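Notes to accompany the following structure.
All residue numbers refer to positions in the sequence shown, counting from 1. Quantities reported herein were computed from a predicted structural model and do not represent experimental measurements.
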Amino acid sequence: AQSTEYSYPESIEMRSYQPRTKGHNKQIARGVELLVNAKCPIIYTVGGAVLANAEGPLTELVNSLKYPSTSTLMGLGAIPASNPNFLGMLGMHGTYESNMAMYECDVMLA
């Protein structure tokens with residue numbers, strides 16, 4: 001097999017794709033208010049949290065809020081399974097508790 005060098009471009013410009021890269025302060029404040037005032041909140045972790053190496057800050061958030069958390073298969077490890085707030089994996093092969101918590105939640109942080 002042959003290999004070749006590849007250098008990523010500094011930036012990519014596409015007319016049809018202009019994503020927002022900065023948060024809207026009022027919308028962020030509104031989201032925080034919803035999360036803080038939730039009656040049955042849940043934190044839902046996915047594979048992106050693992051890929052971004054966000055395990056530390058995410059675990060700190062879960063521990064400080066004391067909200068239950070659940071995970072997709074690819075998100076396993078984002079919150080340690082030994083964490084008392086971790087309910088287990090969601091879905092067909094997940095735990096009953098995580099599925100019911102997701103079903104009953106009024107606010108989900110994903």
Just by modelled atom types, is the Gly88 backbone N or O under 3.5 Å from a matching donor or acceptor in the Thr70 side chain?
-> yes
Indicate yes or no for a side-chain donor-acceptor contact from Asn63 to the backbone of Thr59 under 3.5 Å, with no hydrogens or angles considered.
-> yes
Mind listing the closest non-hydrogen atom pair of Thr95 and Leu87 along with its distance?
-> OG1-O, 2.8 Å
Does Tyr6 OH have over 12 foreign heavy atoms under 6.0 Å away?
-> yes
SG on Cys105 to CD1 on Ile43, rounded to 0.5 Å = 11.5 Å
Can you tell me if Asp106 uses its side chain to pair, donor with acceptor, with the backbone of Lys39 under 3.5 Å?
-> yes
To the nearest 0.5 angstrom, please state how far the CZ atom of Arg30 sits from the NE2 atom of His24.
-> 10.5 Å
Going from CG on Leu65 to CD on Glu60, what distance comes out if it is rounded to the nearest 0.5 angstrom?
-> 10.5 Å
Within the side chain of Asn99, is there an N or O that forms a donor-acceptor pair under 3.5 Å with the backbone of Gly91?
-> yes
Shortest non-hydrogen separation from Ala54 to Pro57 and the atoms involved = O-CD, 3.4 Å
How long is the gap from CZ on Phe86 to OG on Ser98, to the nearest 0.5 Å?
-> 7.5 Å
Any side-chain heavy-atom pair from Leu61 and Tyr67 closer than 4.5 angstrom?
-> no
Can you check whether Glu55 reaches Val50 side chain to side chain, under 4.5 Å on heavy atoms?
-> yes
Distance in Å, Ser69 OG paired with Leu90 CG, rounded so as to fall on 0.5 Å steps = 11.5 Å
Count the heavy atoms of every other residue, nucleotide or ligand shown that sit under 6.0 Å from CD1 of Ile28, and state whether that count exceeds 12.
-> yes
State, yes or no, whether a side-chain contact exists between Ile42 and Met102 at a heavy-atom distance under 4.5 Å.
-> yes
Taking atom CG of Leu35 and atom CE of Met108, what is their separation to the nearest 0.5 Å?
-> 12.0 Å
